[in-house]
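As structure tokens, the structure follows; a few thoughts come after it.
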Amino acid sequence: MERRVSPWLLLVVLLVAAASGRNARADPQVPCYFVFGDSLVDNGNNNDIASLARANYPPYGIDFPGGATGRFSNGLTTVDAISRLLGFDDYIPAYAGANNDQLLSGVNFASAAAGIRDETGQQLGQRISFGGQLQNYQAAVQQLVSILGDEDSAADHLSQCIFTVGMGSNDYLNNYFMPTVYSTSRQYTPEQYADVLVSQYTQQLRILYNNGARKVALMGVGQVGCSPNELAQQSSDGVTCVARINGAIEIFNRLTELTKGCCGVGRNNGQVTCLPFQTPCANRNEYLFWDAFHPTEAANILVGRRAYSAAQPSDVHPVDLQTLARL
């Protein structure tokens with residue numbers, strides 16, 4: 001029987017290096033954490049580029065100590081929660097503003113509207129695709145070589161780091177299912193498109209491996225057909241998830257409000273995303289979605305905890321981040 005894995009928490013561990021003889025670190029559990037992804041984990045890389053995909057204004061960050069930093073949530077993102085669980089004192093900084101000392105402990109390369117495909121999200125303006133994030137990572141590796149003195153030292157350092165990659169949502173949401181802007185849905189069946197994405201994703205992950213990454217976890221694509229935006233635009237009743245987008249994917253969630261955004265405009269608060277200085281809902285901990293597309297801090301913390309320490313076998317495969325950190 002095929003095992004089904006929750007899409008929010010899917011972690012595929014790649015290419016884990018042997019760690020015999022390495023002294024374990026108690027705090028943090030790994031020397032560095034690098035993040036790749038889209039708006040689900042972007043923490044400021046889009047702030048100073050010409051993009052509509054930005055969140056550096058209130059009420060974004062209303063529950064985050066630093067305010068509106070560029071995180072697409074009311075508070076913590078999933079990777080913020082994970083970084084704390086891994087034992088880091090500070091949240092992993094955005095690559096756009098990181099210094100050499102921060103580079104040693106890891107940076108966040110994620111960019112809102114980014115996809116596996118370079119054209120994904122182009123209707124929203126500038127963004128850093130996964131390919132562009134990998135170019136930034138390669139530049140960061142060269143900086144690490146200079147900081148640590150030689151390539152062997154940099155390679156040993158990177159081999160102990162945790163890497164999380166979460167890509168693919170925008171390749172559907174801001175590409176395949178926008179036929180008036182993109183031609184991919186006319187070029188490929190869903191099965192063919194998935195094959196194309198997986199092929200390109202595999203090549204990109206190989207670049208990550210060739211540049212020192214050994215402890216890599218892939219975050220699964222969530223049910224974009226259940227987001228407030230898609231419910232507002234394409235659901236017949238505003239409650240039923242859009243089956244043609246979700247297919248057979250199931251979502252994990254224990255929150256009270258599943259279909260509406262805490263901050264937004266129109267049906268399900270999902271037709272227009274959270275506007276500058278708009279007053280959000282007061283009971284944010286009861287909401288799955290913060291805005292038309294992105295989870296609340298409460299949801300992100302749940303996902304981060306289950307990714308770090310799996311509560312059941314279907315949460316991750318083959319091991320959780322806590323175990324990966326010890327390998």
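Positions are given from 1, in the same order as the sequence printed here. Since this is a predicted model, take the numbers as computed values, not measurements.
Once rounded to the nearest 0.5 Å, the distance linking CD1 of I116 with OG of S199 reads 10.5 Å. Atom CG of residue N210 and atom CD of residue Q138 lie 9.0 Å apart, to the nearest 0.5 angstrom. Distance check: S83 OG to Y308 OH gives 11.5 Å after rounding to the nearest 0.5 Å. Within the model, atoms CZ of R127 and CZ of R54 stand 15.0 Å from one another, a figure rounded to the nearest 0.5 Å. Taken to the nearest 0.5 Å, the CG atom of N74 stands 4.5 Å off from the CG atom of D63. For the atom pair OG1 of T69 and CG of N47, the computed distance is 7.0 Å after rounding to the nearest 0.5 Å.
In summary, the side chains of S153 and D150 do present a donor paired with an acceptor at a separation below 3.5 Å, with no hydrogens or angles considered. Looking at N229 and Q271, their side chains never bring a donor and an acceptor atom within 3.5 Å of each other. Between the side chains of D171 and T120, at least one donor N or O sits under 3.5 Å from an acceptor N or O. N283 and E286 form a side-chain donor-acceptor contact under 3.5 Å, judged by distance and modelled atom types alone.
Using modelled atom types, one side-chain atom of N211 and one backbone atom of I207 make a donor-acceptor pair closer than 3.5 Å. Listed for the T296 side chain is a donor-acceptor partner under 3.5 Å among the backbone atoms of Y287. Of the possible polar contacts, one joining the S235 side chain to the T240 backbone as a donor-acceptor pair under 3.5 Å is found. Looking only at distances, no side-chain donor or acceptor of R284 sits under 3.5 Å from a matching main-chain atom of W290. In this structure, the side chain of N46 engages the main chain of A53 through a donor-acceptor pair within 3.5 Å. Of the possible polar contacts, one joining the Q102 side chain to the N99 backbone as a donor-acceptor pair under 3.5 Å is found. For the pair H294 (side chain) and F289 (backbone), a donor-acceptor distance under 3.5 Å is absent. For E297 (side chain) and L76 (main-chain N/O), a donor-acceptor pair under 3.5 Å exists by modelled atom type. At distances below 3.5 Å, at least one donor-acceptor pair connects side-chain atoms of N268 with backbone N or O atoms of G238. Between the side chain of D42 and the main chain of A112, a donor-acceptor pair closer than 3.5 Å is present.
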With side-chain hydrogen bond (donor to acceptor under 3.5 Å, both in side chains) as the criterion, how do N45 and S111 come out once you've worked through the C-alpha distance, each side chain's angles and the decisive distance to 0.1 Å? CA-CA 6 Å; N45 286 309; S111 172; over 6 Å; no
Applying side-chain hydrogen bond (donor to acceptor under 3.5 Å, both in side chains), run through Y182 and Q187 and close with a yes or a no. CA-CA 10 Å; Y182 301 94; Q187 291 177 287; over 6 Å; no
Assess whether side-chain hydrogen bond (donor to acceptor under 3.5 Å, both in side chains) is satisfied between T77 and N300, documenting all intermediate values. CA-CA 5 Å; T77 66; N300 285 329; 5.7 Å; no
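In plain terms, the two heavy atoms of Y176 and T189 that are nearest each other are OH-C, 3.2 Å. Scanning all heavy atoms of the two residues, the minimum distance from L52 to Q123 falls at CD1-O, 4.4 Å. Residues L103 and Q143 approach most closely at CD2-CB, 3.5 Å, considering heavy atoms. Summarising the geometry of N269 relative to G261, their closest heavy-atom pair is ND2-O, 2.8 Å, with the distance given to 0.1 Å. Taking every heavy atom of both residues into account, R214 and Y209 meet most closely at NH1-O, 2.7 Å. Closest of all the heavy-atom pairs between A114 and G37 is CB-O, 4.0 Å.
Ring geometry, Y95 versus F109: the interplanar angle falls from 30° to 60°, so the pair is classed tilted. Taking the six-membered ring where tryptophan is involved, the planes of Y193 and Y172 are perpendicular, since the angle between them exceeds 60° and thus also 30°.
Ring to ring, Y57 and Y60 are close: their centroids are under 6.0 angstrom apart. Checked against a 6.0 Å centroid threshold, the rings of Y137 and F163 count as neighbours.
Looking at heavy atoms from C-beta onward, V165 lies out of side-chain contact with M219 at the 4.5 angstrom threshold. Under the 4.5 Å side-chain criterion, counting only non-hydrogen atoms from C-beta, Y33 is in contact with L86. Between H157 and P31, some side-chain heavy-atom pair lies under the 4.5 Å cut-off. Side-chain contact between S129 and R117: absent, with no pair of heavy atoms (C-beta onward) separated by less than 4.5 Å. Within the 4.5 Å cutoff, side-chain heavy atoms of I62 are placed close to those of P280. Counting only heavy atoms from C-beta outward, the side chains of D38 and F130 never approach each other to under 4.5 Å. Side-chain contact check for R267 versus Q233: every heavy-atom pair is 4.5 Å or farther apart. Side-chain atoms of P228 and D291, non-hydrogen and from C-beta on, never get closer than 4.5 Å to each other.
Around CD of E151, the count of heavy atoms belonging to other residues, nucleotides or ligands within 6.0 Å does not exceed 12. Other residues, nucleotides and ligands contribute at most 12 non-hydrogen atoms within 6.0 Å of the CZ atom of R305. Within a 6.0 Å sphere centred on CG of D48, other residues, nucleotides and ligands contribute 12 heavy atoms or fewer.
On the SG-SG cut-off of under 2.5 Å, C263 and C281 do not qualify.
The pair R306-D315 counts as a salt bridge, with a side-chain nitrogen and a carboxylate oxygen less than 4.0 angstrom apart. Taking the charged nitrogens against the carboxylate oxygens, R71 and D80 do have a contact shorter than 4.0 Å, which makes a salt bridge.
Hydrophobic cluster membership differs between F64 and L85, with clusters built from Ile, Leu, Val, Met, Phe, Trp and Tyr side chains linked at under 4.5 angstrom. Follow the hydrophobic side-chain contacts under 4.5 Å out from I49 and you never reach V107; the two are in separate clusters. Under the 4.5 Å side-chain heavy-atom criterion for ILVMFWY residues, no single connected hydrophobic cluster contains both M178 and V272. F36 and Y91 sit in two unconnected hydrophobic clusters of ILVMFWY residues. Membership requires side-chain heavy atoms under 4.5 Å apart, directly or through other members.
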